[in-house]
There are 2 protein chains.
Amino acid sequence: MSRAKSHPERSAGDDVARVSDATLRGFVGYDLKRAMNVIRADLRRTLEPFGLRMLTLTALVLIVDNPGLRQSQLADAMDIERPNLVVLLDELERRELIVRDRVPTDRRAYALKATLAGRRLCEQAVAAVNAHEARLFCDLTEERRAELITALRSIQQKTVEE
Amino acid sequence: MSRAKSHPERSAGDDVARVSDATLRGFVGYDLKRAMNVIRADLRRTLEPFGLRMLTLTALVLIVDNPGLRQSQLADAMDIERPNLVVLLDELERRELIVRDRVPTDRRAYALKATLAGRRLCEQAVAAVNAHEARLFCDLTEERRAELITALRSIQQKTVEE
DNA sequence: TATTGTTATACTCTATAACTATA
DNA sequence: TATAGTTATAGAGTATAACAATA
């Protein structure tokens, strides 16, 4: 990560011996983003064999756990905009992991359901993610982990005004 | 956020009363991402008046705190790829917030320095981010906040293999 | 009128390969 | 040959406006 310096005796001000991020370290968001970077990269490799990504797996899991879910409900649950969900579901539907059934009582809406293949892939991928999490969070005791989640949820409560 | 249901007495399986995310709630990454979403959206609004984003402010802060920094060092510190840094710096340089000085001892490299305008904007933006953080993390005691940061840093240690 | 899903669009962030000029 | 910065490019995530069909 850090680079070997090729000129130990260079003139002052031309280079920096060690990068100070003291100001940034005062911000939780900075550490949160860096941690997220590590998780995203590792999760990406974890889910690649399944042809899934963080967002597609999230959608699949929620559909498996909530058969009949509507797209607007799913978008709300995933905290993404409706238009962005459409392409994700197109992908899952094309791979025949989910189906979009018409809702008889509201012909505008779709009832999302996982296929058998979808449920099986979901199960396997969730197991892989469990292993990925165990690997990344092995330094945290169960108590620390619970505290971390509590802290993260308190942040989620803060809705953006306007 | 959650939607009012238009048909309280609809046929079973067509809709879902309350979305269960029990499976996902078992994953730290899920809560981390949701927290990150909230922070990113709020930070975006916070930095908009300054014409900055999370990444451009991060770069600016590091340059202010480390005069003479090289681009490769900065990319390492920011945990982004070198090519992606170039356009960020182009933006900061075009706005005359930083300069790229040639390093006399190594004509391949640039010594990054903030201008007076850059240092001033940085100071104001950092103050705004402090307020933003205080707003988002007000539920956390100072101790909890420190524990959160410790947990996040332990995750950062986990480098991605390969 | 309001809502569901959709299209189109744009911006941001991330990742990789290949180039140039220096070392 | 290796490194610093660059160009080009592609994929992925996010955000908004506007539309057709339906309620």
Side-chain angles (χ1 to χ4, degrees), chain A residues 2-7 10 14-15 33-34 36-45 47-48 51-59 69-76 78-91 93 100-112 160 162, chain B residues 2-7 10 14-15 33-34 36-45 47-48 51-59 69-76 78-91 93 100-112 160 162:
Chain A
S2 56
R3 272 163 178 67
K5 291 183 293 299
S6 46
H7 290 282
R10 68 206 171 284
D14 290 343
D15 201 347
K33 179 166 191 299
R34 292 183 75 91
M36 200 60 217
N37 277 354
V38 173
I39 293 171
R40 188 172 20 73
D42 192 86
L43 191 59
R44 190 187 170 196
R45 281 171 171 79
L47 292 180
E48 204 168 39
L52 293 170
R53 304 184 305 279
M54 187 175 342
L55 281 178
T56 51
L57 177 61
T58 302
L69 197 66
R70 293 188 188 187
Q71 293 189 196
S72 53
Q73 289 180 301
L74 180 54
D76 268 3
M78 291 179 64
D79 199 21
I80 65 175
E81 300 301 319
R82 258 75 83 214
N84 297 326
L85 181 62
V86 174
V87 285
L88 291 185
L89 295 183
D90 286 347
E91 191 180 329
E93 193 181 34
R100 285 192 246 223
D101 284 348
R102 278 285 179 199
V103 177
T105 52
D106 185 346
R107 291 181 37 75
R108 294 172 303 181
Y110 288 113
L112 301 172
V160 180
E162 178 247 358
Chain B
S2 57
R3 273 165 177 67
K5 291 183 292 299
S6 45
H7 289 282
R10 67 203 171 286
D14 289 344
D15 201 347
K33 180 167 191 300
R34 291 183 74 91
M36 199 62 217
N37 276 355
V38 172
I39 292 171
R40 188 172 21 73
D42 193 85
L43 191 59
R44 189 186 171 198
R45 281 173 171 76
L47 292 180
E48 205 167 39
L52 293 169
R53 303 184 306 279
M54 188 174 343
L55 281 179
T56 50
L57 176 62
T58 302
L69 197 65
R70 294 188 186 188
Q71 292 189 196
S72 52
Q73 290 179 302
L74 181 54
D76 268 4
M78 290 179 67
D79 199 19
I80 65 176
E81 301 300 320
R82 258 75 83 216
N84 297 327
L85 181 61
V86 174
V87 285
L88 292 185
L89 294 183
D90 286 347
E91 190 180 329
E93 193 181 34
R100 284 193 247 223
D101 283 349
R102 276 286 179 198
V103 176
T105 53
D106 185 347
R107 291 181 37 75
R108 293 172 305 182
Y110 288 114
L112 301 172
V160 180
E162 178 252 356

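Small disclaimer: the values here were computed from a predicted structure and weren't measured. A note on names: the letters A, B, ... follow the listed sequences, proteins ahead of strands, and every chain is numbered from 1.
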**Report entry** Candidate nucleotides D:dA12, D:dA23, C:dT6, ranked by approach to the side chain of A:Val86 - the nearest
**Finding:** C:dT6
Requested in this report: Taking the side chain as every heavy atom from C-beta outward, state whether A:Arg70 and A:Asp106 have any pair of such atoms under 4.5 Å apart.
Outcome: yes
**Report entry** Under-4.0 Å side-chain N/O to phosphate OP1/OP2 contact, B:Arg108 with C:dA23
**Finding:** no
Query - Nearest-nucleotide pick for A:Pro83, side chain only, options being C:dT7, C:dC13, D:dA15 - result: C:dT7
**Report entry** side-chain contact (heavy atoms from CB on, under 4.5 Å), paired with A:Val86, selected from A:Leu88, A:Asp90, A:Leu89
**Finding:** A:Asp90
Report task. In whole angstrom, give the distance that lies between atom CZ of A:Arg82 and atom C1' of D:dA17. Result -> 14 Å
Query raised in the report: D:dA15 phosphate, OP1 or OP2: any side-chain N/O from B:Arg40 under 4.0 angstrom?
Result: yes
Query raised in the report: Given D:dT6, is OP1 or OP2 found less than 4.0 Å from the side-chain N or O atoms of B:Arg100?
Result: yes
Query raised in the report: Hey, is the side chain of B:Gln71 poking within less than 4.0 Å of OP1 or OP2 on D:dT6, counting only N and O atoms?
Result: yes
Query - Among C:dT14, D:dG5, D:dT14, the one nearest B:Lys33 by side-chain distance - result: D:dT14
Report task. Please work out if A:Leu55 contacts a base, only the sugar-phosphate, or nothing of the nucleic acid, heavy-atom cut-off 4.0 Å. Result -> sugar-phosphate
**Report entry** Student check: side-chain heavy atoms of B:Arg44 and B:Met54 closer than 4.5 Å
**Finding:** no
Requested in this report: Verify the distance criterion only: is there a donor paired with an acceptor across the side chains of B:Asn37 and B:Arg34 at less than 3.5 Å?
Outcome: no
Report summary line: Whichever of A:Ala109 and B:Ile80 has the more 5' nearest nucleotide on DNA chain C, that residue is A:Ala109
Report task. Ignoring the backbone of A:Asn84, work out which of C:dT6, D:dT14, C:dA21 is nearest its side chain. Result -> D:dT14
Requested in this report: Using atom types as modelled and distance alone, determine if a side-chain donor or acceptor of B:Thr56 lies under 3.5 Å from a backbone N or O of B:Leu52.
Outcome: no
Query - Any A:Asn37 side-chain nitrogen or oxygen under 4.0 Å from OP1 or OP2 of C:dT14 - result: yes
Query raised in the report: Taking only side-chain nitrogens and oxygens of B:Ser72, does any of them come within less than 4.0 Å of OP1 or OP2 of D:dT3?
Result: no
Requested in this report: For D:dG13, take OP1 and OP2 only and decide whether either is under 4.0 Å from a side-chain N or O of A:Arg53.
Outcome: yes
Query - Which residue lies more 5' along DNA chain D, comparing A:Arg107 with B:Asp90 via nearest heavy atoms - result: B:Asp90
Report task. Measure from CZ on A:Arg70 to P on D:dA21 and round the result to the nearest Å. Result -> 19 Å
Query raised in the report: In whole angstrom, what separates B:Leu85's CG from D:dA4's P?
Result: 13 Å
